[in-house]
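Below is one structure, written out as structure tokens; the observations come after it.
Residue numbers start from 1 in every chain, and the chains themselves are labelled A, B, ... in the order their sequence lines are given, proteins ahead of strands.
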There are 2 protein chains.
Amino acid sequence: MTGTSGVDSDQLMELLSVSLGAYYGDFTVAAASENLTASQGKTLNVLRRGPAAMRALATILTCDASNMTGIVDRLEKRGLVRREPSPTDRRVKNVVLTAEGERVIDVIRGKMHATRAGLDRLSDEERDTLYALLERAFTSRPATLRPSA
Amino acid sequence: MTGTSGVDSDQLMELLSVSLGAYYGDFTVAAASENLTASQGKTLNVLRRGPAAMRALATILTCDASNMTGIVDRLEKRGLVRREPSPTDRRVKNVVLTAEGERVIDVIRGKMHATRAGLDRLSDEERDTLYALLERAFTSRPATLRPSA
DNA sequence: CTCGATGCTTGAGAACTTCAAGCAATAGCT
DNA sequence: AGCTATTGCTTGAAGTTCTCAAGCATCGAG
């Protein structure tokens with residue numbers, strides 16, 4: 001708490017990779033417990049925010065569009081997701097979470113015990129601070145907390 | 001800066017997943033520019049801290065040990081990594097970065113412009129704070145910055 | 001309405017992932 | 001010592017992911 005402790009950019013990058021690695025591992029294990037691969041889990045996770053076109057999913061997940069086809073195929077086959085034609089552009093297919101898909105992703109999030117335990121080590125104020133810092137560093141436009149507010 | 005802004009655990013988890021996605025995407029693109037897959041890049045990234053046994057790599061990367069065999073095979077074939085027998089346990093093979101491997105992972109880290117730019121948005125003090133919070137939340141035993149210090 | 005760009009899908013080939021099995025070596029036990 | 005269970009790594013098979021190159025349908029601009 002002395003103010004300047006001298007953490008340089010490389011150390012922070014290193015810790016970031018360790019931290020996010022821990023988060024990712026926690027997520028992967030939780031997804032596996034619901035018989036989902038990491039990619040399938042990540043797709044559901046993105047869709048939890050709302051429907052998205054195939055192309056948007058590919059962009060967010062940093063992969064080829066053709067990639068999403070197979071992933072969404074398998075999720076759809078399990079009834080976790082649904083393809084709906086866009087009303088405004090007949091090329092576009094919007095992917096939507098089904099009720100079951102929503103249930104599954106919420107279960108997965110609830111099973112991320114390591115991450116929750118880690119965050120619980122912080123005080124309310126510290127969580128606020130962490131939130132603000134991550135938001136500044138990783139979101140170009142500060143995300144609206146409640147889109148419809 | 002009013003103290004209590006009321007960020008709950010779910011919002012923080014959500015932001016964490018967004019941050020991870022951004023970081024991971026940045027890393028994936030950088031690794032691809034050096035003709036490495038994400039898994040290969042992540043392996044080099046871990047090895048940047050020092051040699052590690054196959055089993056340790058699998059644990060850190062949250063995957064099966066048999067998985068590492070193939071990944072290390074390909075990295076070794078490119079001369080980025082070397083398998084060395086452990087002097088103390090003949091079952092164990094320690095994986096070590098070659099000079100070329102070290103060069104490549106450093107190049108990749110240097111190409112993570114989006115992440116660097118994000119961190120540059122923070123002040124020195126804020127980076128110190130972020131470092132401390134991540135360390136508390138994501139490392140069980142606060143990592144020694146300089147192991148030999 | 002013709003052309004170029006965009007959205008999604010398909011197919012081939014490589015890499016990743018998991019699981020079950022197997023071998024070598026170690027560790028704990030009596 | 002000898003026996004047994006465990007651990008570390010590798011192999012092989014099956015499914016998933018990933019990338020690239022086409023391909024088709026639709027949109028958008030001229």
**Prompt:** Can you check the A:Leu57 CG to D:dT17 P distance for me, whole Å?
**Reply:** 14 Å

**Asked** With distance as the sole criterion, is a donor-acceptor pair present between the side chains of A:Ser86 and A:Lys93 under 3.5 Å?
**Response** no

**Request:** Select base, sugar-phosphate, or nothing to describe what B:Ala38 touches, counting heavy atoms under 4.0 Å on all strands.
**Result:** nothing

**Request:** Check every strand shown and say whether A:Ser66 touches a base, only sugar-phosphate, or nothing at a heavy-atom separation below 4.0 Å.
**Result:** base

**Message:** What is the distance, to the nearest angstrom, from the CD1 atom on A:Ile71 to the P atom on D:dT16?
**Reply:** 11 Å

**Message:** Is the phosphate of D:dC18 approached by B:Thr37 (side-chain N or O, under 4.0 Å from OP1 or OP2)?
**Reply:** no

**B:Glu34 (side chain) donor-acceptor with B:Ala31 (main chain) under 3.5 angstrom** = no

**Distance, rounded to the nearest Å, where A:Asn67 contributes CG and C:dT17 contributes P** = 13 Å

**Prompt:** Less than 3.5 Å between a donor and an acceptor, one on the side chain of A:Arg91 and one on the base of C:dT6, is that the case here?
**Reply:** yes

**Item:** B:Lys93 NZ - D:dT7 C1' separation (whole Å)
**Value:** 14 Å

**Prompt:** Is any side-chain nitrogen or oxygen of B:Arg83 closer than 4.0 Å to OP1 or OP2 of D:dT10?
**Reply:** yes

**Message:** Starting the side chain at C-beta, find the nucleotide from D:dT19, C:dA25, C:dC8 nearest to B:Arg90.
**Reply:** C:dA25

**Prompt:** To the side chain of A:Gln40, which of C:dC8, D:dT16, D:dC9 is closest?
**Reply:** D:dT16

**Message:** Let me spell it out: for each of B:Ala65 and B:Thr28, pick the nucleotide of DNA chain D with the closest heavy atom. Which residue's pick is nearer the 5' end?
**Reply:** B:Ala65

**Request:** Taking only the side-chain nitrogens and oxygens of B:Arg55, find out if one of them lies under 4.0 Å from OP1 or OP2 of D:dT7.
**Result:** no

**Request:** Using atom CZ of A:Arg74 as one end and atom P of D:dT16 as the other, report the distance to the nearest whole Å.
**Result:** 5 Å

**Prompt:** Is a salt bridge present between A:Glu126 and B:Arg136, judged by a nitrogen-to-oxygen distance below 4.0 Å?
**Reply:** yes

**Message:** Under 3.5 Å, is there a donor on one side chain and an acceptor on the other for B:Arg109 and B:Asn45?
**Reply:** yes

**Request:** Please state how far atom CE in A:Met68 lies from atom C1' in D:dT19, giving the value in whole angstrom units.
**Result:** 15 Å

**Asked** Where each residue is assigned the nucleotide of DNA chain C containing its nearest heavy atom, which of A:Ala32 and B:Arg78 is assigned the position nearer the 5′ end?
**Response** B:Arg78

**Message:** Expressed as a whole number of angstroms, how long is the span from B:Asp64:CG to D:dG12:P?
**Reply:** 16 Å

**Prompt:** What is the distance from CG of A:Asn94 to P of C:dC8, rounded to the nearest Å?
**Reply:** 8 Å

**Whichever of A:Thr88 and A:Thr62 has its nearest DNA chain D nucleotide further upstream toward 5'** = A:Thr62

**Request:** Please determine if A:Glu14 and B:Arg48 form a salt bridge, counting it only when a charged side-chain N lies under 4.0 Å from a carboxylate O.
**Result:** no

